[in-house]
Amino acid sequence: MTFAQFIYYNSPALIIAIPLLAAFLTLVFGRISSMLRNIWVVLSLVATAIVGLIIAYRVSIEGIIIYTFGVGSPGMAIPVDSGGIPVRILFEIDAMSSFMIITLSIATLAAIIYSIASDAKSTGRDNFYALFLLLTLGGYGIICTGDIFNFFVFFEISSLASAGLIAYRIEKGFAVEAALKYAVISTIAGIMVLIGVAVLYGEYDALNIAMLAQSIHWTFLDKFALVLLLSALLMKCGAVPMHFWTPDSYSLAPGSITAILVVASQVSLYGAFRVIFTLYGVVINAFTFGWIIIILGVLSMVVGVTMAIPQKDVKRLMAYHAISQTGYMLLGVGVGFALLGDKALLDSIGYMAMEGGIFHIINHAMYKGLLFLTAGAIFYRIGTRNLNKMGGLGHNMKYTMIFFVIGALAIAGIPPFNGFASKLMIYESVFLFNPFLAVIAMVVSILTLASFVKVFHSIFMGPKLPEYAHVKEAPPMMLIGMGLLAAGVILFGLFPQQVVDLIVSPAAHALVNQQAYISAVMGGA
Amino acid sequence: MRMSKIVTITADLLPPFILAFGLYVIAHGHLTPGGGFQGGAVTATGLLLMIVAYSYKDIAKAIRQDRFKLYESLGLIIVIGVGYIAFLYGATFFTNWLVNTPLPFGTYVPFGPNPGDLNTGGTMPLYNIFVGVEVFCGLTIVVLYMLSGLEEGEGSS
Amino acid sequence: MILNFPFITMVLVTIIGLCIILFRKNLLKVIMGISLIESAMNLFIVALDFKEGGIAPIFTLAPLEPGVEPAAAASAMVLPVPQALCLTSIVIAVATGALMLSFAMLIYRKYGTLDISKISRLNG
Amino acid sequence: MRTITKVIPVIILLAFFMAMAASFDFGRPFQTAMDDYFIEHGQEQVGTNNIVTTIVFDYRGFDTLGEASVLLTAVLGVGLLFRRFSKGEEDEAAEEEDWQEVAER
């Protein structure tokens, strides 16, 4: 078969195989020349993004894709003589996974182009780029996998790679402390996931998500495994109860890595949704459980904004805003899950709320990534993140200012930008569900706008300070990286309805439709 | 800070036996208990015994650290290369394309206990060997880095 | 109750490890607590696969009569999958342990102390 | 007082874990369908005697690929921490003042 058909049919495997081979070869090329290695890293990430788009295209045509590793033909999930048990590891990519693949691809491309320029002078860049590739690999693996133990392995890859990357600037020691906190938290989260997986294996002797989803029936052990799996994943996605690692690691990691960390925590949020909707789905008492997620979401929103106001460090302020924006996603999808029970309410409000929450994931990944890249550009030029010491940068860093304005308006939910589209969907649906929650969401959004106006004023406005007179604009590669995200923010802001119909509503319906997920593997059982 | 005489003498005598046992565990991974990871770890212990017995300064001259890094990434490239070759056979990624074929490691094994034939297992022995190489180099590099961190630590703080 | 003794030891070791993490102030002890929980995890996974009077799932010179048919061999042998999972979990424990110990080394060099309460200068 | 607030969750967790441990039955696994398949078909399909390695490298070989990259991630992370710094980077880091220290003094 031709090369194009080969890429088309093996795309689920290639989206993992290409970054992995690229990571190993980066170390070899790094010994030859740093230019060759930079080109190689950017090329391999562009290739991975293309394969990701191919997968998204395939999912839009064929629905759920099954790719089994280690057999003759990709579709053969269950061997003939095994009596209906999926024995090997398989990738199961539905509309929700392809949505997350698009999110990760956009953020990875922007971050790698940005980091080629921003880390030009620093040492140890072989390891840096190899870890960068492994981090994206972990993200793709968590998104596509259909096997819980494989989920745990990719979960560990992404948490170890990001711990190593957070500690990149070790001169002052703060980054190492932030990385240690992150490593301890993600190791404990990994252990909790492992206990959950082991308990589920002990009970049903199955490691395939679809097989488990079919055979789970609400015994004590299932509740125990659900509590552990869910708390571990919510711990990793920066929701309120365990959010104290987010400000440290986001503010001290290099700019490009923070943009990827934002998406990595959205991916573990996706993992939490996968556990709730697909693994357990109808078994849980949807209403009470939905309310738990809603309360977590509201708490994240409120705590994130209130902690953000007094911050003096730009990146730490943005990190707290990231926590509050994660609260929006939890609120949106939580309302959707709470209404899973009754069909009528689900169709009217539930799907709209879930689409708002899911749409907010990609919007947040883009504008928060853009904001962190602009903060990194400022740090790259003037060496400090302290708001009190900045001022009057608007004069000489024009493009960075424009990108910052785009990002700030998008996060505050101002109409022409993408933040507004998803927040509007969340407000409308949550208002019908419970008006009080919608009011809180709006107040939080106003506070976000206020704090970003303050930040904008203290960085860019004001007289031209003497010590920053010589400051030049950020290097062109960094501007390209930021431009990519800014274009995404504007594009999604101007055509929200098309984007929602194309990728977001199929994702919401795929997440809710547990039966399709199971029958894709178990064969219409 | 070299260890005492007894330790250095044992560090001179023991490693050949540990390395032999480690390589045996790697090579017979698909027949007897063991495999790539366990064998690689045992072989790394053999080398690390020598490293720990002598001070880092003596060892740093003898062992080229970046050479180990190259071997580690080469081992991993071969592992994933064997996975890629499955594509040439039209199968999915990571398929065992060597099993039940006239190629090396391809002989058929009927069900039931048997004394074990080294020439079986398809791509299994390849994975065993190269993952063993990767684990061996990986663990050695980690310990070498930590020892260098120790030396540097005493120097600067 | 005595029969699932391995699971009880796993619970006790996990709780001891958790207490170390929560109550100890020295960073190295916290890392030791984490590796203690990881080894309790490995014990738990492997204990899941034991069968009464089962033998190792290895056919080289396995103590089975030569003419045994598959089903009988399967019932005589313990479950192989948890042992494979445990192997992966051990290597992950080594990887996280190595990374966290090198973080601790660097923090000791930069901060001069390993006491958790003194280390957290990143407040605010 | 502070330690009490820490001891209570530990006790609750202990109770939960004990209940979990009690509901498992050591020596008699609940279901063994998947493992029996591996034991019965391991030799014909993969041609090896050691079923555990068969699962590690063939049936669940993709896990082991992830496994090897976890080990590589740890090695790269440690390598990143103990790297030799170029002269330029150290001076740049030195003059990059940090407000945390200012706040602390």
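Convention: sequence-line order gives letters A, B, ...; per-chain numbering from 1. Quantities reported herein were computed from a predicted structural model and do not represent experimental measurements.
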Interface moiety of F105(B) toward chain D, non-hydrogen atoms closer than 4.5 Å: neither
For L47(B), side chain to side chain contact (heavy atoms under 4.5 Å, CB included) partners two or more places apart: M50(B), I51(B), I63(B), F68(B), F136(B), T140(B)
Among the listed options V78(D), L71(D), L81(D), L76(D), the residue most often paired with chain B at heavy-atom distances under 4.5 Å: L71(D)
Options T95(B), L98(B), N114(B), ranked by heavy-atom pairs under 4.5 Å with chain D, top entry: N114(B)
Intermediate values then yes/no, side-chain contact (heavy atoms from CB on, under 4.5 Å), Q45(D) and V99(B): CA-CA 8 Å; Q45(D) 288 183 355; V99(B) 74; over 6 Å; no
L65(D) vs V79(B) side-chain heavy atoms within contact, under 4.5 Å: yes
Residue pair T64(D) / F37(B): nearest heavy atoms and the distance that separates them: CG2-CE1, 3.2 Å
Heavy-atom neighbours of F16(D) CZ exceed 12 at 6.0 Å: no
Residue pair D58(D) / Y127(B), side-chain heavy-atom distance below 4.5 Å: no
Pairwise side-chain contact, N50(D) with M124(B), heavy-atom cut-off 4.5 Å (strictly under): no
Heavy-atom closest contact (S148(B) atom, F82(D) atom, distance): OG-CB, 4.4 Å
F111(B), part contacting chain D, at a heavy-atom distance under 4.5 Å: both
Nearest-0.5 Å distance that lies between atom CZ in F94(B) and atom OH in Y59(D): 15.5 Å
Flag, side chain of N100(B) to backbone of E44(D), donor-acceptor distance under 3.5 Å: yes
T48(D) side chain to G121(B) backbone, donor-acceptor under 3.5 Å: no
Residue among L144(B), I141(B), N128(B) with most heavy-atom pairs under 4.5 Å to chain D: N128(B)
T53(D) versus G29(B), closest heavy-atom pair with distance: OG1-O, 3.0 Å
Engaged part of V52(D) at the chain B interface, taking heavy atoms whose separation is under 4.5 Å: neither
For chain D, the option from V135(B), L31(B), V131(B) that forms the most heavy-atom pairs under 4.5 Å: L31(B)
Rounded distance (nearest 0.5 Å) linking atom CZ of F57(D) with atom CG of N96(B): 12.0 Å
I6(B) atom CD1, neighbour heavy-atom count above 12 within 6.0 Å: no
